[in-house]
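Read the structure below first, then the notes.
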Amino acid sequence: MSAESTDQYHPGLEGVIANETAIANLEGKEGSGGLEYRGYRIEDLANVVSYEETAFLLLHGDLPSASQLRDFDARLRAARALPDPLVDLFRKIPPTIHPMDVLRTSVSVLSHYDPDVNAPPGDHAANVRKAERMIAQMPTAVAYHDRIVKGLPLVEPRGDLDHAANFLNMVNGSVPSETMRHAFDLSLVLYTEHELNASTFSARVTVSTLSDIYSGIVAAIGTLKGPLHGGANEEAWKVLEQVGAPENAERWIQDALARKERIMGFGHRVYKTGDPRSRILKEYCTKLAAEVGDDRWERIAEPIEKAVTTQKALPPNVDWPSARLYHYMNLSIELYTPIFAMARVAGWAAHIVEQLDHNRLMRPRARYIGPPNRSVTPLKNR
Ligand code: CMC
């Protein structure tokens with residue numbers, strides 16, 4: 001290895017350009033920062049497009065026309081049911097297993113029942129069809145497993161409900177209010193895609209060996225699970241729970257900062273002055289708190305946000321408001337990261353398709369720091 005290449009070591013791959021992509025842009029207009037999906041600013045997409053439109057945009061490159069959306073949505077609604085063996089498996093998996101691990105298993109099982117199971121890994125059209133099925137089936141898997149663990153009867157997918165309302169209905173057993181449906185749909189839009197984050201990178205690395213899209217998604221789910229990535233929304237809720245009451249918040253955060261604790265839901269590898277997704281979602285936390293008639297969590301969150309932002313210069317990321325948002329929707333904490341995954345699957349799939357369309361095996365190098373070259377002592381002499 002040349003001296004020049006060993007100098008290129010960047011721990012955590014920080015700042016390394018490992019891919020070209022036409023899917024998401026974190027540079028913003030003329031490098032001003034921000035988030036764009038295929039050239040559209042997230043602020044312009046939010047509240048205007050649905051999750052279904054966003055998924056179509058990511059997979060197909062453009063926003064759908066009305067008839068394209070009708071067909072896409074009809075395919076998603078028709079694909080929501082799960083194969084019986086997966087539902088049986090949910091009844092056999094120990095109920096203590098975290099839903100994120102069960103979701104990883106679910107996607108693996110779903111791959112065996114996909115009608116395109118034998119399509120070559122690089123078959124673009126088959127990969128898009130597989131992506132659509134995963135987008136449709138992952139919410140059902142998350143909801144069914146949740147109901148089974150809670151000993152509740154299953155609520156089947158409803159063809160007359162959109163993606164967001166159908167999921168909330170399958171989990172809670174009641175159709176959400178329009179405010180709840182809209183806020184959930186928006187959170188899915190914001191979670192759908194985020195350039196070369198750890199889980200997307202993991203998915204791209206996996207398929208760069210010409211492995212299949214399901215393997216890429218399984219790898220991505222395993223990567224998303226960690227608390228430094230998607231697992232942070234569950235951890236962010238635990239922060240609020242630990243604080244417990246607004247009057248404890250100031251003391252709690254000052255103690256935590258003094259102990260140099262990592263406050264989950266704050267900071268970001270790329271956004272240093274603020275995560276646009278967090279700014280958009282915060283407004284909805286206030287709305288939903290008013291709808292459920294309990295602003296306690298907003299009053300706990302506010303002083304924590306203020307302290308971490310001013311004292312550590314670490315603004316909240318998307319996981320900070322989403323934890324509260326999902327709490328107001330009566331969703332169990334363990335579902336927060338699986339919900340992130342069932343939204344992000346559209347982004348992962350778009351990246352996998354892009355990778356396979358222009359594939360080059362990802363095989364970086366490591367700088368060796370172990371013992372220098374040495375001779376082997378036979379076992380009898382050691
Ligand atoms: N709370 C307290 N201190 C922090 C935090 C935090 N959340 N994040 C970073 N720092 C400190 C860190 O301790 C370090 O301090 P020092 O220089 O004194 O050692 C400094 O800031 C730099 O930290 P880093 O880990 O090198 O920075 P990074 O760019 O690698 O961090 C991060 C990115 C997301 C891993 C980190 O901010 C973090 O751990 N945040 C909490 C977990 C979290 O919310 N993750 C969600 C990320 S966004 C959406 C998603 O992927 O789900």
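Keep in mind that the numbers below use all heavy atoms, side chains included, and drop hydrogens, waters and symmetry copies. Just so it is clear, the model here is predicted, and its values are computed rather than measured. Read the numbers this way: they start at 1 and go in the same order the structure lists the ligands and their atoms.
Between Leu196 and Thr21 there is no side-chain heavy-atom pair separated by less than 4.5 Å. Between Asp212 and Ser215, some side-chain heavy-atom pair lies under the 4.5 Å cut-off. Asp123 is listed as a side-chain neighbour of Pro120, based on a closest heavy-atom distance under 4.5 Å. Using a 4.5 Å heavy-atom cutoff, the side chains of Asn330 and Met180 are not in contact. The shortest side-chain heavy-atom distance between Arg104 and Met100 does not fall under the 4.5 Å cut-off.
Once rounded to the nearest 0.5 Å, the distance linking CD1 of Ile221 with CH2 of Trp348 reads 5.0 Å.
Only the backbone of Pro227 comes within contact range of ligand 1, with a heavy atom under 4.0 Å; no side-chain atom does.
Closest of all the heavy-atom pairs between Ala183 and Leu288 is CB-CD1, 4.0 Å. Between Val107 and Val218 the shortest heavy-atom distance is CG1-CG2, 3.9 Å. Nearest approach of Glu43 to Ile280, heavy atoms of both residues: CA-CD1, 4.1 Å. Shown here for His327 and Trp297, the closest heavy-atom pair between the two residues is NE2-NE1, 3.4 Å.
A donor and an acceptor atom, one from each side chain of Asn169 and Ser174, are nowhere located under 3.5 Å apart. Side-chain atoms of Ser208 and Gln355 include no donor-acceptor pair closer than 3.5 Å.
The option from Gln311, Glu235, His194, Arg262 that lies nearest to atom 35 (C) of ligand 1, judged by heavy atoms, is Arg262. Closest to atom 28 (P) of ligand 1 by heavy atom, among Met264, His229, Arg269, is Arg269.
At a 3.5 angstrom cut-off on N or O pairs, Ile263 counts as close to ligand 1. Residue Glu14 has no N or O atom closer than 3.5 Å to an N or O atom of ligand 1. Residue-to-ligand polar distances keep Arg277 apart from ligand 1: every N/O pair is separated by 3.5 Å or more. Distances between N or O atoms of Leu228 and those of ligand 1 include at least one value under 3.5 Å. At under 3.5 Å, not a single nitrogen or oxygen of Leu314, backbone or side chain, sits near a nitrogen or oxygen of ligand 1.
Contact annotation for atom 17 (O) of ligand 1: protein absent (non-hydrogen atoms, distance under 4.0 Å). Checking atom 48 (S) of ligand 1 against the protein gives a heavy-atom contact under 4.0 Å. Protein non-hydrogen atoms do reach within 4.0 Å of atom 7 (N) of ligand 1. Closer than 4.0 Å to atom 25 (O) of ligand 1 lies at least one heavy atom of the protein. Protein non-hydrogen atoms do reach within 4.0 Å of atom 37 (O) of ligand 1. Shown here, atom 42 (C) of ligand 1 is in close reach of the protein: a heavy atom of it lies under 4.0 Å off. There is a protein heavy atom closer than 4.0 angstrom to atom 10 (N) of ligand 1. For atom 45 (N) of ligand 1, the nearest protein heavy atom lies closer than 4.0 Å.
Residue contacts with ligand 1 leave out Gly231, since none of its heavy atoms falls under 4.0 Å from the ligand. A heavy-atom separation below 4.0 Å is not found between Trp320 and ligand 1.
Per-residue contacts place Gly230 under 4.0 angstrom from the following atoms of ligand 1 (heavy atoms of the residue considered): 52 (O). Under a 4.0 Å criterion applied to the non-hydrogen atoms of Asp319, ligand 1 contributes the atoms 46 (C), 49 (C), 50 (C), 52 (O). Shown in contact with Lys272 at under 4.0 Å from a heavy atom are these atoms of ligand 1, numbered in order with element: 29 (O). For ligand 1, the atoms lying closer than 4.0 Å to a non-hydrogen atom of Ala232 are 43 (C), 44 (O), 45 (N), 46 (C). Remark: ligand 1 atoms within the under-4.0 Å shell around heavy atoms of Gly265 are 43 (C), 44 (O). Of all atoms in ligand 1, numbered sequentially from 1 with element shown, those under 4.0 Å from a heavy atom of Glu261 are 1 (N), 2 (C).
Closest to atom 15 (O) of ligand 1 among all protein heavy atoms lies Lys312 NZ, 4.9 Å. The nearest heavy-atom contact from the protein to atom 40 (N) of ligand 1 is Phe266 O, 2.9 Å.
Under a hydrophobic clustering in which Ile, Leu, Val, Met, Phe, Trp and Tyr are joined whenever their side-chain heavy atoms come within less than 4.5 Å, directly or via other members, Ile339 and Leu110 fall into the same cluster.
Under a 4.0 Å N-O distance rule, the pair Arg75/Asp71 does not qualify as a salt bridge.
In this structure a side-chain-to-backbone donor-acceptor pair under 3.5 Å is missing from Arg181 to Asp162.
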